[in-house]
Asker: 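I'd like to ask some things about the structure below.
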Amino acid sequence: MNEFKTILLTTDFSETAKQAFEPALMMAEKFGAKILFLYVDEERLPPFIGEFPGVNGISTVEIMENHKKHATRELERAVREQLGDRVPIEPVLLTGTPHREIVQLAEKRGADLIVMATHGRGFISHALMGSTTERVIRHAPCPVLAVRSTGAAD
């Protein structure tokens, strides 16, 4: 059996993502692993926002910085309120395309397992947008545990 020493747990702060928390914690406890708790900020604004010089006097740079600050607070809150102190947890905030950043962090930090929720969207949504989880599974340097949402579409 593989030993998991570093587990990469992803979140997008959705209710679906929270369903992967307990399986990741259980695996970390069982193997004495630490958790890298990752949120990827896609650093994108709605398409129309660039057409305005500022929204209520706030520049797009300020909007992006505020979003990063908010994401950092959310990561810290999730660790405190939802993940607790059962195992060592390191919050990580990256900017980029989620599936690429997840795979790159797993490679860079030597993750032994990636745990992530899958939204289980329907066929049309999947065909048009693809699946972050599917892309991670295809390119990950380690096993991926995909936790399906109990409320996901078939």
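Fair warning: this is a prediction, and the values are worked out from it, not measured in the lab.
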Asker: For Q104, which residues count as a side chain to side chain donor-acceptor pair (under 3.5 Å) partner, sequence neighbours excluded?
Answerer: none
Asker: Show your working on side chain to side chain contact (heavy atoms under 4.5 Å, CB included) between T95 and K68 and close with a plain yes or no.
Answerer: CA-CA 9 Å; T95 302; K68 284 183 183 179; 3.4 Å; yes
Asker: Does a side-chain heavy-atom distance below 4.5 Å link R77 with Q82?
Answerer: yes
Asker: Could you check whether the rings of F37 and F21 sit parallel, tilted or perpendicular, using 30° and 60° as the cut-offs?
Answerer: perpendicular
Asker: Going only through I, L, V, M, F, W and Y residues with side-chain contacts under 4.5 Å, is there a path from V147 to V144?
Answerer: no
Asker: Just how far is it from atom NZ of K18 to atom OG1 of T11, taken to the nearest 0.5 Å?
Answerer: 8.0 Å
Asker: Does the side chain of L38 reach to within under 4.5 Å of the side chain of L105, using non-hydrogen atoms?
Answerer: yes
Asker: D112 side chain to T6 main-chain N or O, any donor-acceptor pair under 3.5 Å?
Answerer: yes
Asker: Which pair of non-hydrogen atoms, one from A33 and one from F4, has the smallest distance, and what is that distance?
Answerer: CB-O, 3.1 Å
Asker: Does one hydrophobic cluster hold both L25 and V79, with members joined at side-chain heavy-atom distances below 4.5 Å?
Answerer: yes
Asker: Between atom CD1 of I102 and atom NE2 of H139, what is the distance when rounded to the nearest 0.5 Å?
Answerer: 12.0 Å
Asker: Kindly determine whether T132 and T10 satisfy side chain to side chain contact (heavy atoms under 4.5 Å, CB included), including the steps that lead there.
Answerer: CA-CA 11 Å; T132 297; T10 68; over 6 Å; no
Asker: Enter the distance from E42:CD to D12:CG here, rounded to the nearest 0.5 Å.
Answerer: 9.5 Å
Asker: Taking all heavy atoms of A17 and all of A117, pick out the closest pair and write down the distance.
Answerer: CA-CB, 3.7 Å
Asker: What's the spacing between I114 CD1 and L8 CG if we round to 0.5 Å?
Answerer: 5.0 Å
Asker: Hydrophobic clusters here meaning ILVMFWY residues chained together by side-chain heavy-atom distances under 4.5 Å, can you tell me if F31 and L145 are in one?
Answerer: yes
Asker: Say whether I89 and M26 are linked into one hydrophobic cluster, either directly or through other cluster members, by side-chain heavy-atom distances under 4.5 angstrom.
Answerer: no
Asker: Using 0.5 Å steps for rounding, measure from the CG atom of L36 to the NZ atom of K108.
Answerer: 11.0 Å
Asker: Evaluate the side chain to side chain contact (heavy atoms under 4.5 Å, CB included) criterion for residues V115 and M27: first the C-alpha distance (whole Å), next the side-chain angles of each, then the deciding distance (0.1 Å), finally the verdict.
Answerer: CA-CA 10 Å; V115 180; M27 295 289 286; 5.5 Å; no
Asker: Taking the side chain as every heavy atom from C-beta outward, state whether R100 and V40 have any atom pair closer than 4.5 Å.
Answerer: no
Asker: Rounded to the nearest 0.5 Å, what separation is found between the CD1 atom of I7 and the NZ atom of K34?
Answerer: 11.5 Å
Asker: Would you mind listing every salt bridge (Lys or Arg N to Asp or Glu O under 4.0 Å) that reaches into residues 85-94, with sequence neighbours excluded?
Answerer: E22-R86, E29-R86, E90-R109
Asker: Before accepting this row, confirm whether a basic side-chain N of the pair R73/E76 lies closer than 4.0 Å to the acidic partner's carboxylate O.
Answerer: no
Asker: Checking K5 now: which residues fulfil salt bridge (Lys or Arg N to Asp or Glu O under 4.0 Å) with it, not counting sequence neighbours?
Answerer: E3
Asker: Any chain of hydrophobic side-chain contacts (each under 4.5 Å) joining I35 to F13?
Answerer: yes
